[in-house]
Structures are given as structure tokens and as C-alpha cells.
K.L.:
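I am attaching a structure below and will ask some questions about it afterwards.
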Amino acid sequence: MRELLVVKSGGPAAFVEWQAAFAAVAPGLELALWGDPALDPARITHALVWDPEPGALARLPALEVIFGAGAGVDAIIADAELPRHIPLVRMGVEGAAQRMGEYVAWAALGLLRDQRRLAIAQAASRWDYFEPENTAPERVVGIMGLGVMGTRAATMLQGLGFGVVGWSRTEKFVPGVRSFVGDAELAAFLAESDILVVLLPATEATRGLIAAPLLACAKPGAGLILAGRGTQAVIPDILAALDAGQLSGAVIDVFDPEPLAADSPVWAHPKVTVTPHCASLPSRRERAAYVAEVMARHRRGEALPNLYDPLRGY
Ligand code: NDP
């Protein structure tokens, strides 16, 4: 059967860009826009999706592989009717980790130099001279989620001179990074971390984790960088911790829901920098190349990389 890839990642304008990206890396691959009324669902063999409508993937009888348009597939597995027998491949583009590392390095340096205070002063044309309290080698960054993203961020932070510790479900061996494991070692991990970086997947275990009980165990005056998923954070608790001085500053990329509401108090908070879920989005060309490569592997009957694991939940 001829392969046909349906795309649901952005609207019709984005689809035109997807077409250009796939034309460059996989000329000849037939592409269709999700929801095209002229499309026969029985012809769809592959789907590249970010947030398909619940039940829609289950109605594609010839579907062989589902590709998540991002590293996190939480918006796909939220579908109760998701056909679980069909492999779900998470986006595993090499450049994604580099971009995330750059974002985390930028955010950590921004917290170190109180970039938010500088931005507020500049907006008011005010010469607000102050000296940073610490340099990078005097600070330890604690990374929650030492996976593909977290490991690259760790290496780049080390390059800037930061000390780095990590927290994950299972033990990790990253040079120079002390590994803390599971709930039992969370408090010890927090006690080490001057800046917390959240790079966890959205699962039942991580839902609502960044909330008052955890923040109370953080080092007084810790910084916070949230770039995993919005469901992991309880924003009112974070704002309260900032107001109380328990947190000194936050850089937040992910929210629930997105986009962040225009009337949210987060926007104007003097200690929060907001970014619009842009920490690490590889180009369409990079992602198209990855999808085309995995489709070729599937055609050859080879094992697929980066599969969603229902037992782990991510
Ligand atoms: P990986 O699967 O490579 O790594 C996930 C890490 O999280 C692993 O170290 C894993 O530990 C750890 N982890 C998972 N569950 C728990 C838990 N309950 N307790 C402690 N540690 C846990 O994912 P990536 O690094 O590729 O991506 C991580 C997340 O970053 C994505 O799921 C997505 O939500 C987010 N992301 C955000 C982007 C943005 O632009 N803001 C862009 C890309 C990703 P173990 O290996 O031991 O299971």
C-alpha cells in the first residue's frame, strides 16, 4: 500500500511549510492535511500529530505508525481511544537537545544576573545599578528529568561553570553530575539545588509536582526554570513562593492551558520571565527528516526509536 502521511501540527498555513520541509528530505512522500474532507481515511498509513481530536486516530484503519510532533506526547496519549497497538514515536531530533540546552543556559544565567530586574529597570528608563551576588561556580543547578534534554542542559551548564545535580526515576551516570533517584531522594536533591530546572515528561506522577510542598523543601531563595509541561506546576503556589522570598525568580516556558491567559498575574510578576513554549522547537525540516528516517526504518522492518512506553507513562 502506498504510504500517506497525514499531518496535524499547526493549521493549513503550517501544512504548507510541512509540505516544503518533506519535499526537501523525502520527495515523493504523499502528504495530507488532517481533516481534509477529500481525504479517504482508509488510505492514511502514518500520522504526524501534536493534539489529535480524541478518537480520531482510532478511525484510521490502515494506520501503521503515529509520530508525535514534539518530544512530549501527552496531548496524544490523553486520547482514551488511542489505538495502543500502533507504535507511537516521540520526536527525537538531535537539534532539540541543543536548543533546550541553550534555553536552560540562558535562563540560568538570567536568574544569576537578575535579568528580570534589569528588564524592568530598562522599561522604566531607570539606571538600577547592582552587582550579582554569585558567579556560576558558586551555584548548583538541580535538573529534574535527566533525559535527552536534561543531560544536554547539564553538560552546557557545566561548561558555564555551574555545579549540576540531577533527579530522575532511575539512576543516571552523567560525568560530574550527582544522580538522585525517586521520591526517596527528592528532599536531598532539593537541598543541593540553588536553581531548579524542570525537564520532566507530563505523567500522572509529575502532575502538580511543582507546588507548595516541594517548594517548601527547596533552598530558600532558589531559582526556578520550568520547561517540561504546564501540568507539572501549580502557578499560584509558585507566585506565593516568589512573594515570600522562598523563590528568588522564575523563568517559565510551559503553562496549562496554553497560551497563558492575557489576565494571568504571571505576566506582570516582577520576578517571573515568561516565554511562549518556545524553549526547544526544532525546525520543520529537522522534524521531517526524522520522520522520513523512521518511516524508512519501519519499511525495512527495523526496530523503531524513541517509542512511547505506556508502562513508564512517557
Ligand atoms: P526523556 O524521556 O529523554 O527524559 C525524561 C526524564 O524524566 C528521564 O530522566 C526520566 O527518568 C525522568 N522522569 C520521568 N518521570 C519521572 C518521575 N516520575 N520522577 C523522576 N524523574 C522522572 O525526555 P526528554 O528529555 O526528551 O524531554 C523531557 C520533557 O521535556 C518532555 O517530555 C517534554 O515534556 C519537555 N519538553 C519541553 C519542550 C519545550 O519546548 N518546553 C521541548 C521538548 C521537551 P528515567 O529515565 O529514570 O525514567
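We count ligands from 1, going down the list as the structure has it; atoms in each ligand are counted the same way. By convention here, the first residue in the shown sequence is residue 1.
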K.L.:
Check whether more than 12 heavy atoms from other residues, nucleotides or ligands sit under 6.0 Å from atom CD of Glu133, and answer yes or no.
P.N.:
no

K.L.:
Sort and list the pairs that fulfil ring-ring contact (aromatic ring centres under 6.0 Å, His included) and have at least one residue in residues 276-314, not counting sequence neighbours.
P.N.:
none

K.L.:
Give every donor-acceptor pair under 3.5 Å between a side-chain atom in residues 69-77 and any protein atom, sequence neighbours left out.
P.N.:
from: Asp74; atom 1: OD1; to: Arg229; atom 2: NE; distance (Å): 3.0
from: Asp74; atom 1: OD2; to: Arg229; atom 2: NE; distance (Å): 3.2

K.L.:
Hey, is CZ on Arg116 packed in by over 12 heavy atoms from elsewhere, all under 6.0 Å?
P.N.:
yes

K.L.:
Under 3.5 Å, which donor-acceptor pairs link side chains of residues 134-142 to any protein atom two or more places apart or in another chain?
P.N.:
from: Thr135; atom 1: OG1; to: Glu138; atom 2: OE1; distance (Å): 3.1
from: Glu138; atom 1: OE1; to: Thr135; atom 2: N; distance (Å): 2.7

K.L.:
Taking everything shown except Asp40 itself, do over 12 heavy atoms lie less than 6.0 Å from its CG?
P.N.:
yes

K.L.:
Which protein residues have a heavy atom under 4.0 Å from ligand 1?
P.N.:
Ala71, Gly72, Arg90, Met100, Gly145, Leu146, Gly147, Val148, Met149, Trp167, Ser168, Arg169, Thr170, Lys172, Leu199, Leu200, Pro201, Ala205, Thr206, Ala227, Gly228, Arg229, Asp253, Val254, His277, Ala279, Ser280, Tyr314

